[in-house]
Amino acid sequence: QVQLVESGGGLVQAGGSLRLSCAASGRTFSRPAMGWFRQAPGKEREFVAVTVWSGGRTIYADSVKGRFTISRDNARNTVYLQMNTLKPEDTAVYYCAAGRAPSVVAGPFDSWGQGTQVTVSS
């Protein structure tokens, strides 16, 4: 199993930036894909970005492309989500997830963090 702990959420004004962190522990080698998802009140959980520990392939949701960057520090077993030019519609609980293969849907991810709140004020 893989354990995930997110941090870095908070309150920021529109146009501002935040960096989320996801520290992974356990059998991380068994779950090479690391993704970020978010869920706003009253809405379904949606894909944000995904990468793999080995590097190379990253995928972004169209709504965050050009504003968010996913990256990883293999030595620290940590994945980051740098969020720039934040908008009020980015307000959500952000979840880190680990899975066997990169995907834009939540199904293949079977390890999830507890989530961190991001609130963007207008």
Side-chain angles (χ1 to χ4, degrees):
Q1 294 295 330
V2 176
Q3 294 77 44
L4 304 172
V5 179
E6 303 101 331
S7 61
L11 173 64
V12 64
Q13 289 187 333
S17 299
L18 281 175
R19 188 177 79 159
L20 306 183
S21 299
C22 173
S25 61
R27 299 169 61 88
T28 56
F29 61 88
S30 68
R31 297 294 185 271
M34 296 294 296
W36 287 96
F37 289 76
R38 66 186 182 185
Q39 188 166 18
K43 295 187 177 181
E44 294 188 353
R45 190 169 298 188
E46 66 173 358
F47 167 76
V48 176
V50 65
T51 188
V52 293
W53 287 115
S54 60
R57 188 180 185 190
T58 58
I59 308 171
Y60 294 93
D62 287 343
S63 59
V64 307
K65 201 171 294 184
R67 300 187 297 123
F68 291 11
T69 303
I70 189 170
S71 63
R72 75 221 176 278
D73 183 336
N74 290 27
R76 298 176 184 267
N77 277 351
T78 300
V79 174
Y80 303 97
L81 185 68
Q82 177 67 43
M83 306 185 294
N84 298 329
T85 320
L86 282 161
K87 305 175 181 179
E89 50 264 43
D90 294 318
T91 295
V93 177
Y94 283 69
Y95 297 90
C96 177
R100 296 182 184 274
S103 173
V104 299
V105 296
F109 293 90
D110 55 8
S111 295
W112 293 82
Q114 82 287 353
T116 185
Q117 176 72 46
V118 171
T119 304
V120 184
S121 63
S122 56

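Just the heavy atoms: all of them, side chains too, but no hydrogens, waters or symmetry mates, feed the values below.
In this structure, Cys22 SG and Arg72 CZ are separated by 14.0 Å, a value rounded to the nearest 0.5 Å. Separation of atoms CG (Leu20) and OG1 (Thr78) is listed at 12.5 Å; rounding is to 0.5 Å. Distance check: Tyr94 OH to Ser7 OG gives 15.0 Å after rounding to the nearest 0.5 Å. For the atom pair OG (Ser111) and CD (Gln1), the distance works out to 5.0 Å, reported to the nearest 0.5 Å. The CD atom of Gln3 lies 11.0 Å from the CG atom of Asn77; values are rounded to the nearest 0.5 Å. Between the OG1 atom of Thr91 and the CD atom of Gln117 there is a distance of 7.5 Å, given to the nearest 0.5 Å.
Residues Tyr60 and Tyr80 are members of separate hydrophobic clusters, defined by side-chain heavy-atom contacts under 4.5 angstrom among Ile, Leu, Val, Met, Phe, Trp and Tyr. Linking ILVMFWY residues whenever their side-chain heavy atoms come closer than 4.5 Å, directly or via other members, places Val105 and Val50 in the same cluster.
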### Task
Verify side chain to side chain contact (heavy atoms under 4.5 Å, CB included) between Thr28 and Met34, making sure each step is shown before the conclusion.
CA-CA 10 Å; Thr28 56; Met34 296 294 296; over 6 Å; no
### Task
Output, in order, the C-alpha distance, side-chain angles, deciding distance and verdict of side chain to side chain contact (heavy atoms under 4.5 Å, CB included) for Phe109 and Phe37.
CA-CA 10 Å; Phe109 293 90; Phe37 289 76; 3.7 Å; yes
Can you list, pair by pair, the side-chain donor-acceptor contacts under 3.5 Å of residues 39-48, counting residues two or more places apart and other chains?
| residue | atom | partner | partner atom | Å |
| --- | --- | --- | --- | --- |
| Gln39 | NE2 | Lys43 | O | 3.1 |
| Glu46 | OE2 | Arg38 | NE | 2.5 |
| Glu46 | OE2 | Arg38 | NH2 | 3.1 |

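No side-chain heavy atom of Met83 sits less than 4.5 Å from a side-chain heavy atom of Val64. Pro108 has its side chain out of reach of Arg100: every pair of non-hydrogen atoms, C-beta onward, lies at least 4.5 Å apart.
Closest heavy-atom contact between Ala33 and Val52: CA-CG1, 4.1 Å. Scanning both residues, Ser122 and Ala14, for their nearest heavy atoms gives CA-CB, 4.4 Å. Nearest heavy-atom pair, Cys96 versus Leu4, reported as atom, atom and distance to 0.1 Å: O-CD1, 3.6 Å. Across all non-hydrogen atoms, the minimal contact from Ser21 to Trp36 is O-CH2, 3.7 Å. Across all non-hydrogen atoms, the minimal contact from Thr85 to Ser17 is N-OG, 4.3 Å.
Between the Glu6 side chain and the Gln114 main chain, a donor and an acceptor come within less than 3.5 Å of each other. Not a single donor-acceptor pair under 3.5 Å links the side chain of Arg19 to the backbone N or O of Gly8.
Ring geometry for Trp112 against Tyr95 counts as perpendicular: the plane angle is over 60°, on a 0 to 90° scale with 30° as the lower cut.
When Leu81, Ile59, Thr69, Ile70 are each tested for a side-chain contact (heavy atoms from CB on, under 4.5 Å) with Thr51, only one passes: Ile70.
Salt bridge Lys87/Asp90: absent, no basic N to carboxylate O contact under 4.0 Å.
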